[in-house]
A.B. asks: 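The structure is given below, and queries will be raised subsequently.
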Amino acid sequence: MNDYLEVFEKFKDVKEIFDFCDDVQKLREYYRTGQFQKMQEHIRSLTIKYSLEALVWNTVNTQPPLTYEQAYINAEAFLRGQGAKIITEKIFGYQNRLTPDEISFIESVKPKE
């Protein structure tokens, strides 16, 4: 699977996924263009938006990022799992829109409860 966002974009007709994809694209844009302060602010806003999930994530991932690259990688990993969680919990019959490989991917990155 090259880019998880391609899979998630299959569900952009659902507002929560549409907004989620926008959050991922903003993160990537800020990192790619070296707008690290904006990236950090965006990550902070995501931790507020997904406060409970971020709390759980930070409990499991106890080593805080020390560089912008680490912060970006950490945020991407968090968002990958968060997107899978949204899809599996909010979209009834999501499997019908995906290939078997995509279903396996979604289920493998969804955070354990």
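Owing to the predicted nature of the structure, the values given are computational and were not obtained by experimental measurement.
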A.B. asks: Do the charged groups of K26 and E29 touch, with an N to O distance under 4.0 Å?
C.D. replies: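 No, this pair does not count.
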A.B. asks: If we only count heavy atoms from C-beta on, is the L5 to C21 side-chain gap below 4.5 Å?
C.D. replies: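 SC-SC contact between L5 and C21 confirmed.
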A.B. asks: Linking I/L/V/M/F/W/Y whenever their side-chain heavy atoms sit closer than 4.5 Å, directly or via other members, would L79 and V56 fall into one cluster?
C.D. replies: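 The answer is no; the residues belong to distinct hydrophobic clusters.
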A.B. asks: For E76 and L27: C-alpha separation, side-chain torsions, deciding distance, then whether side-chain contact (heavy atoms from CB on, under 4.5 Å) applies.
C.D. replies: CA-CA 8 Å; E76 276 276 350; L27 175 72; 4.0 Å; yes
A.B. asks: Please work out which of the three classes, parallel, tilted or perpendicular, describes the rings of H42 and Y30, given edges at 30° and 60°.
C.D. replies: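 Ring orientation, 0 to 90° scale: perpendicular.
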A.B. asks: Run the salt-bridge test on D22 and K12 with the 4.0 Å N-O cut-off and return the result as yes or no.
C.D. replies: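 The answer is no: the pair does not qualify as a salt bridge.
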A.B. asks: Salt bridge or not between E102 and K10? Use side-chain N to carboxylate O under 4.0 Å.
C.D. replies: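 A salt bridge links E102 with K10.
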A.B. asks: Angle class for the Y94/F11 ring planes (parallel below 30°, perpendicular above 60°, tilted otherwise)?
C.D. replies: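 Aromatic pair Y94/F11 classed perpendicular.
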A.B. asks: Report yes if some heavy atom in the side chain of W57 is under 4.5 Å from a heavy atom in the side chain of Y50; otherwise report no.
C.D. replies: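 They are not in side-chain contact.
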A.B. asks: Which pairs, with at least one residue in residues 35-59 and sequence neighbours excluded, count as a salt bridge (charged side-chain N to carboxylate O under 4.0 Å, His left out)?
C.D. replies: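 Matches after skipping sequence neighbours: D23-K49, E53-K85.
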A.B. asks: Starting at CD of E16, measure out to CD1 of I91 and round the result to the nearest 0.5 Å.
C.D. replies: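 Result: 8.5 Å between the selected atoms.
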A.B. asks: Which pair of heavy atoms, one from F8 and one from A84, lies closest together, and at what distance?
C.D. replies: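 The pair with the smallest heavy-atom distance is CZ-N, 3.6 Å.
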A.B. asks: How long is the gap from CD1 on I103 to OG on S108, to the nearest 0.5 Å?
C.D. replies: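 I103 atom CD1 to S108 atom OG measures 12.0 Å (nearest 0.5 Å).
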A.B. asks: Side chains of I43 and M39, heavy atoms from C-beta outward: is any pair under 4.5 Å?
C.D. replies: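 Contact flag for I43/M39 side chains = yes.
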A.B. asks: Would you list the pairs meeting salt bridge (charged side-chain N to carboxylate O under 4.0 Å, His left out) in which at least one residue belongs to residues 64-74, sequence neighbours left out?
C.D. replies: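 Matches after skipping sequence neighbours: none remain.
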A.B. asks: I'd like to know if the side chain of R80 and the backbone of Y4 have a donor-acceptor N/O pair within less than 3.5 Å.
C.D. replies: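 No, the answer is negative, given that no donor and acceptor are paired below the 3.5 Å cut-off.
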A.B. asks: Quick one: closest heavy-atom pair of P65 and A71, and the distance?
C.D. replies: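 Where P65 meets A71 most closely, the heavy atoms are CB-N, 3.4 Å.
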A.B. asks: Strictly distance-based, threshold 3.5 Å: is any side-chain N or O of N74 a donor or acceptor partner for the main-chain N or O of Q70?
C.D. replies: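 No; judged by distance alone, with no hydrogens or angles, the pair does not exist.
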A.B. asks: Between atom NZ of K110 and atom CD1 of I86, what is the distance when rounded to the nearest 0.5 Å?
C.D. replies: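 CD1 of I86 is found 12.5 Å from NZ of K110.
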A.B. asks: Checking E107 now: which residues fulfil salt bridge (charged side-chain N to carboxylate O under 4.0 Å, His left out) with it, not counting sequence neighbours?
C.D. replies: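 E107: no salt bridge (charged side-chain N to carboxylate O under 4.0 Å, His left out) contacts found.
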A.B. asks: Using the rule that two of Ile, Leu, Val, Met, Phe, Trp, Tyr join whenever any of their side-chain heavy atoms come within less than 4.5 Å, decide whether I73 and V109 are in one cluster.
C.D. replies: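 They do share one cluster, since a chain of ILVMFWY contacts under 4.5 Å joins I73 to V109.
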A.B. asks: With distance as the sole test, does E9 use its side chain to make a donor-acceptor pair with the main-chain N or O of E6 at under 3.5 Å?
C.D. replies: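 A pair under 3.5 Å: no.
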